[in-house]
Amino acid sequence: MEISQVVGTLYCTRRVAGLEHCPLRLLQDSKGKLVVATDPVGARGGNWVFTVSGSAGRLAMGDKRILTDLTIGGIIDHWDGGATAPTAPEAASPKTDTA
Amino acid sequence: MKICKIIKPLVSTNRIPGFEHKHLQVVQDGSSMAVAVDAVGASPGDWVICVGSSAAREAAGNKDYPSDLTIVGIIDDWDPEH
């Protein structure tokens with residue numbers, strides 16, 4: 001599952017029946033690419049969310065019939081933009097002494 | 001399957017009910033970060049094996065579990081510059 005930021009809502013009145021009335025959100029993923037995801041949790045612009053892709057995205061909507069390949073799984077409570085990979089809390093875990 | 005390193009747990013209070021109560025971990029695969037469902041109870045700093053696609057769903061619980069990346073094993077010892 002990927003982490004991305006919600007840019008805003010996408011309004012798409014003419015759509016296939018398979019999308020039913022799902023709200024669509026415009027997301028910017030970690031590489032800066034704009035993607036569209038269906039939204040079962042009600043995220044707003046600026047929220048950091050994690051997305052579920054592929055056929056698991058259809059299950060994430062709670063209804064297998066919805067024709068989506070990317071769904072918002074949830075809103076992340078605290079996220080620092082992920083620019084710097086935060087180091088593990090303790091200095092260096094004994095098992096792996098990464099150089 | 002991929003070898004990833006656990007960065008930290010991902011806390012998401014407002015999320016879909018399909019995830020039930022499973023823990024989510026932020027994992028680093030090479031240079032990109034991703035989120036995986038933790039089925040084995042790994043801790044930050046561990047090197048783990050992650051599985052994707054439909055296997056990720058069964059590994060996380062049942063066939064209808066909405067996951068596309070699940071941690072299925074903790075490597076005993078792994079040298080990153082392997």
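Chain letters run A, B, ... following the sequence lines, proteins first and then strands; every chain starts at 1. Just so it is clear, the structure is predicted and the values come from calculations on it, not from any experiment.
No side-chain heavy atom of B/Val48 sits under 4.5 Å from any side-chain heavy atom of B/Ile75. Side-chain contact between A/Val35 and A/Leu70 is present, with heavy atoms from C-beta onward closer than 4.5 Å.
Applying the side chain to side chain donor-acceptor pair (under 3.5 Å) test to residues at least two apart or on different chains, the pairs with a partner in residues 2-13 of chain A are A/Thr9-A/Arg25.
In the displayed structure, A/Arg44 atom CZ is contacted under 6.0 Å by at most 12 heavy atoms of other residues, nucleotides or ligands.
Looking at A/Lys64, only its side chain comes within 4.5 Å of chain B, counting heavy atoms on both sides. Contacts between B/Ala36 and chain A at a heavy-atom distance below 4.5 Å involve the backbone alone (N, CA, C, O). Only the side chain of B/Leu10 comes within contact range of chain A, with at least one heavy atom under 4.5 Å from a heavy atom of that chain. Only the side chain of B/Val26 comes within contact range of chain A, judged by heavy atoms closer than 4.5 Å.
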Q: Before giving the answer on side chain to side chain contact (heavy atoms under 4.5 Å, CB included), spell out for B/Ile74 and B/Trp47 the whole-Å C-alpha distance, their side-chain angles and the decisive distance to 0.1 Å.
A: CA-CA 6 Å; B/Ile74 303 174; B/Trp47 287 90; over 6 Å; no
(Q) Under the criterion side chain to side chain contact (heavy atoms under 4.5 Å, CB included), I'd like the reasoning laid out for A/Ile3 against B/Val35: C-alpha separation, chi angles, the key distance, then a yes or no. (A) CA-CA 7 Å; A/Ile3 295 174; B/Val35 177; 3.4 Å; yes
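Per-residue heavy-atom pair counts under 4.5 Å with chain B were compared for A/Ser55, A/Ala56, A/Gly57, A/Ser30, and the maximum is reached by A/Ala56. Note on A/Leu59, A/Val41, A/Asp77: by heavy-atom pairs under 4.5 Å with chain B, the leading option is A/Asp77.
Residue-level contacts of residues 17-24 of chain A with chain B do not occur; threshold 4.5 Å between heavy atoms.
With hydrogens and angles left out, the side-chain atoms of B/Ser32 and B/Asp29 include no donor and acceptor closer than 3.5 Å.
Atom CG of B/Leu24 and atom CD1 of B/Ile71 lie 9.0 Å apart (nearest 0.5 Å).
Looking at A/Gln28, its side chain never comes within 3.5 Å of a backbone N or O of A/Val7 through a donor-acceptor pair.
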